[in-house]
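Taking it in order: structure first as structure tokens, then the write-up.
Every value quoted in this text rests on a predicted model; they were computed, and no experiment measured them.
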There are 2 protein chains.
Amino acid sequence: MGRPRKFDETRALTAVMHTFWQRGYEATSTRDLAESTGMGLSSLSNAFGDKRQLYLRALRRYYETNTAVQTELLRRPGPVKDRVRALMTQAIDIDLANPPSSGCLIMNASMEMANTDPEVAQEVRRHFTTVEEAVRSALAEGQDSGEITRDQDAGTLAHHVLSAYYGLRVLARVRPDRTALTNVVETLLAKL
Amino acid sequence: MGRPRKFDETRALTAVMHTFWQRGYEATSTRDLAESTGMGLSSLSNAFGDKRQLYLRALRRYYETNTAVQTELLRRPGPVKDRVRALMTQAIDIDLANPPSSGCLIMNASMEMANTDPEVAQEVRRHFTTVEEAVRSALAEGQDSGEITRDQDAGTLAHHVLSAYYGLRVLARVRPDRTALTNVVETLLAKL
DNA sequence: GCCGTATTGGATCGGTCGCGCAAAAACTCG
DNA sequence: CGAGTTTTTGCGCGACCGATCCAATACGGC
């Protein structure tokens with residue numbers, strides 16, 4: 001009962017996500033969010049709470065979409081190195097898209113908010129942990145099949161791959177040179 | 001001539017740098033800057049210009065201090081791997097300091113501002129280019145002396161090291177686990 | 001000792017911020 | 001059709017934002 005909602009909750013949260021993604025938390029006003037969703041200010045706060053709650057919901061929406069894609073790439077069948085390469089290449093494609101994207105929302109959140117907002121920090125950690133576990137699992141599988149070196153255990157190797165992965169995305173923001181970024185990926189894979 | 005300044009320009013800019021470093025650009029108000037420098041709002045804008053100019057000055061101050069330390073570590077005498085390790089270890093020490101620091105100001109700037117402010121983007125690129133060249137130069141020296149593999153040329157290898165370096169600093173923000181971070185460093189060095 | 005000059009502290013400007021209130025609107029159920 | 005419930009709409013509140021203005025101040029040069 002009650003007046004029916006005019007908006008789709010998932011679509012609204014997706015719009016909110018993209019706005020926060022593009023501008024960051026502080027630079028986004030509640031009026032920006034109202035405009036990008038097509039909703040009124042009161043409808044937004046009535047449905048989702050205040051600005052900070054909206055941000056947390058946007059992070060969770062990102063988790064359900066983009067983070068899920070990353071882990072899915074790592075679980076596909078086929079050679080493990082191809083999966084890691086797919087993860088890296090997909091990130092390069094996103095970071096070098098036209099018009100230029102704003103990188104990884106979670107990385108942005110970790111820089112802007114994670115050291116001042118414990119709930120954001122926890123949400124950020126959740127993403128990183130999920131990706132880390134997917135990488136570790138894939139590498140362990142590769143070690144079993146002999147594709148991946150056993151010089152280090154899968155956990156250590158996963159940290160190594162993750163640092164290259166996130167470093168790659170930092171570099172992509174600063175110097176969008178696809179050739180150089182691809183070289184980084186191949187250099188990493190050659191040493192696994 | 002005129003009334004003498006009560007503040008030291010370098011000290012003021014250092015205070016401004018630390019405030020922006022800790023809170024980011026958008027979350028820092030001009031009144032925050034006035035408080036952290038001990039100056040009045042008028043004195044700040046009279047001496048340095050508006051908030052954005054202050055931010056750019058803070059980035060340049062960071063370049064003269066922190067970035068300079070990084071390149072200096074890479075130019076020291078001794079084994080090249082020890083220099084790279086020193087660079088990485090110093091970053092870990094900073095990122096895991098108590099009270100927890102806010103990582104690398106330039107990385108923060110690249111996430112928050114570099115895609116909307118061309119001047120900030122240029123300043124950010126300047127830092128990255130400087131560090132990259134210092135790493136490349138050190139690795140080339142190591143290749144000459146036989147310390148470093150010649151599987152790839154020094155430029156490609158430098159990108160590889162840089163991605164691990166910045167990825168390390170991303171991970172340090174999210175999971176301040178010194179053992180894991182140190183393992184990443186050693187895993188990288190072992191493959192050079 | 002007075003004048004020109006640069007800096008200082010304090011007040012204040014118009015604008016925007018996040019958030020909330022009150023009334024109209026649109027549905028379900030009795 | 002009317003009562004109850006939820007969302008929408010429009011407006012406005014107090015606070016804070018970045019930036020500027022202005023008078024008071026403190027120096028060097030004459």
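- Formation of a donor-acceptor pair under 3.5 Å by the Ser36(B) side chain with backbone atoms of Leu33(B) is found in this model.
- dC17(D) atom C1' lies 15 Å from atom CZ of Arg23(B), rounded to whole Å.
- In this structure, Lys51(B) contributes its side chain and Thr28(B) its backbone to a donor-acceptor pair below 3.5 Å.
- Between Tyr63(A) and His127(A), the ring planes lie perpendicular to each other; the angle is over 60°, past the 30° to 60° tilted range.
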### Task
Could you walk me through whether Glu72(B) and Arg75(B) pass salt bridge (Lys or Arg N to Asp or Glu O under 4.0 Å), step by step?
CA-CA 5 Å; Glu72(B) 196 272 334; Arg75(B) 271 188 251 277; over 6 Å; no

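- Following rounding to the nearest Å, Arg5(A) (CZ) and dT8(D) (P) show an atom-to-atom distance of 7 Å.
- With salt bridges taken as basic N to acidic carboxylate O contacts below 4.0 Å, one links Asp93(B) and Arg178(B).
- Atom P of nucleotide dT7(D) and atom CD of Glu9(A) are separated by 10 Å, given to the nearest angstrom.
- Between the P atom of dG10(C) and the CE atom of Met39(B) lies a distance of 14 Å, rounded to the nearest Å.
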#### Entry: Reading 5' to 3' through nucleotides 17-27 of chain C, protein heavy-atom contacts under 4.0 Å coded B for base, S for sugar-phosphate only, - for none
BBBBB---BBB

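- When the P atom of dC21(D) is taken as reference, atom CG of Leu44(B) falls 17 Å away, rounded to whole Å.
- Rounding to whole angstrom units, CG of residue Asn46(B) and P of dA6(C) are separated by 10 Å.
- Thr129(A) meets the side-chain contact (heavy atoms from CB on, under 4.5 Å) test with Arg175(B); sequence neighbours excluded.
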